[in-house]
Asker: 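Submitted below is the structure of interest, expressed as structure tokens.
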Amino acid sequence: MTAGWEGKAACRGLNPALFYPDVNHADQVKRARAVCAECPVRRACLTEAMRAEEKLRPSAREGIRGGLTGRERYLLERGALKSARRPVSKARASASKRPLPFDREHGTPRGARQHWKYDEPVCDACRDAYNAWQSTHRANWETSGCHRAVLPEDLRRRVEELLRAGHSDRSVHRETGVARGTIARYRRELSKRAAV
């Protein structure tokens, strides 16, 4: 038995009961996973376990092999578990994805969004650039009128006729196909004109 990869296993010589914990023994699971984490043949062990347990139900897969429980091996086989590596805490996982500070585009609106994405305090240069971009963007947006739907003249007249006739926004929408927000805006404009 020691001729193959099994002879190099970190669990060789240990009590096998360590790798078959009871249901509510999280500390035993941690100890078993710690042994597997240091094992040089962990991938071979996991591959052998996956081959031996192919198409078994999760309840039929017992013990910790290759650092994974029976359920985790089942999920890995089905593609629901992303990797066979030991699960990493959220803090360590987000730290590994987080670009280093010199990767930030400081002094730009994008730099401010990068700070927010990684829950960092926004530097003054990025905050100023974002605020300047936002104010110019909003001014351009409002002056261009692109935020308002511009209806063709004949359709606008038809919407106004229906509104003057007392139809509800919903019935005008059903008849003309114009968005109800646009209809509400035309209703407000008509009431302003009537008040003057």
Side-chain angles (χ1 to χ4, degrees), residues 1-134 137-138 141 146-147 179:
M1 180 146 192
T2 58
W5 59 266
E6 294 94 345
K8 300 174 188 169
C11 60
R12 200 178 79 161
L14 294 177
N15 185 357
L18 174 66
F19 298 93
Y20 293 90
D22 291 331
V23 177
N24 293 322
H25 285 86
D27 57 331
Q28 188 177 350
V29 172
K30 284 181 186 175
R31 288 198 312 270
R33 285 185 196 260
V35 172
C36 290
E38 304 297 323
C39 185
V41 291
R42 178 179 175 189
R43 189 158 303 278
C45 178
L46 181 60
T47 304
E48 176 62 26
M50 298 289 288
R51 187 195 60 72
E53 297 172 338
E54 190 175 4
K55 297 184 181 173
L56 287 179
R57 296 183 324 271
S59 60
R61 299 170 189 236
E62 297 178 342
I64 295 175
R65 295 186 64 187
L68 299 177
T69 64
R71 176 144 182 82
E72 290 170 338
R73 291 193 301 273
Y74 172 76
L75 292 173
L76 181 64
E77 180 183 25
R78 295 195 53 163
L81 193 66
K82 296 297 181 196
S83 75
R85 291 179 295 170
R86 186 174 177 201
V88 188
S89 70
K90 278 188 177 180
R92 280 179 51 202
S94 64
S96 64
K97 291 180 194 172
R98 185 176 298 180
L100 297 173
F102 52 79
D103 289 358
R104 301 281 181 272
E105 296 178 24
H106 289 291
T108 64
R110 184 170 183 208
R113 288 190 294 273
Q114 289 171 341
H115 286 299
W116 291 321
K117 179 178 180 181
Y118 297 109
D119 291 328
E120 300 171 346
V122 181
C123 66
D124 293 335
C126 290
R127 182 180 293 110
D128 293 342
Y130 183 81
N131 289 340
W133 169 82
Q134 191 177 34
H137 179 71
R138 184 177 291 135
W141 186 64
C146 67
H147 66 291

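Throughout, numbering of the chain's residues begins at 1 and tracks the sequence.
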Asker: Could you tell me whether E53 and R73 have a side-chain N and a carboxylate O separated by less than 4.0 Å?
Answerer: yes
Asker: From C39 SG over to L46 CG, what is the distance, rounded to the nearest 0.5 angstrom?
Answerer: 11.0 Å
Asker: Taking all non-hydrogen atoms of both residues, which atom of G107 and which atom of A129 are closest, and how far apart?
Answerer: O-CB, 3.3 Å
Asker: Taking only residues two or more places apart in sequence, or in another chain, which ones meet R31 in a side-chain hydrogen bond (donor to acceptor under 3.5 Å, both in side chains)?
Answerer: none
Asker: Rounded to the nearest 0.5 Å, how far does SG of C11 lie from CZ of R42?
Answerer: 12.0 Å
Asker: Of all the heavy-atom pairs spanning C126 and H106, show the shortest one and how long it is.
Answerer: SG-CA, 3.5 Å
Asker: Excluding sequence neighbours, so at least two apart, what forms side-chain hydrogen bond (donor to acceptor under 3.5 Å, both in side chains) with R110?
Answerer: E105
Asker: Minimum heavy-atom separation for L18 and A32, please, with both atom names.
Answerer: O-CB, 3.7 Å
Asker: Step through the shown structure and confirm whether more than 12 heavy atoms of other residues, nucleotides or ligands are within 6.0 Å of CZ on R71.
Answerer: no
Asker: Under 4.0 Å between a Lys/Arg side-chain N and an Asp/Glu carboxylate O for E72 and R33?
Answerer: yes
Asker: Which pair of non-hydrogen atoms, one from V41 and one from W5, has the smallest distance, and what is that distance?
Answerer: CG2-O, 3.6 Å
Asker: Report yes if the side chains of V35 and F19 come closer than 4.5 Å at any heavy-atom pair, otherwise no.
Answerer: yes
Asker: Run the salt-bridge test on D124 and R127 with the 4.0 Å N-O cut-off and return the result as yes or no.
Answerer: yes
Asker: From K8 NZ over to C45 SG, what is the distance, rounded to the nearest 0.5 angstrom?
Answerer: 14.0 Å
Asker: Kindly give the heavy-atom pair with the smallest separation between Y130 and A112, and that separation in Å.
Answerer: CB-CB, 3.8 Å
Asker: Applying the side chain to side chain contact (heavy atoms under 4.5 Å, CB included) criterion to T47, which one of R51, R43, M50 satisfies it?
Answerer: R43
Asker: Which distance, rounded to the nearest 0.5 Å, do you find between the CG of D128 and the SG of C123?
Answerer: 9.0 Å
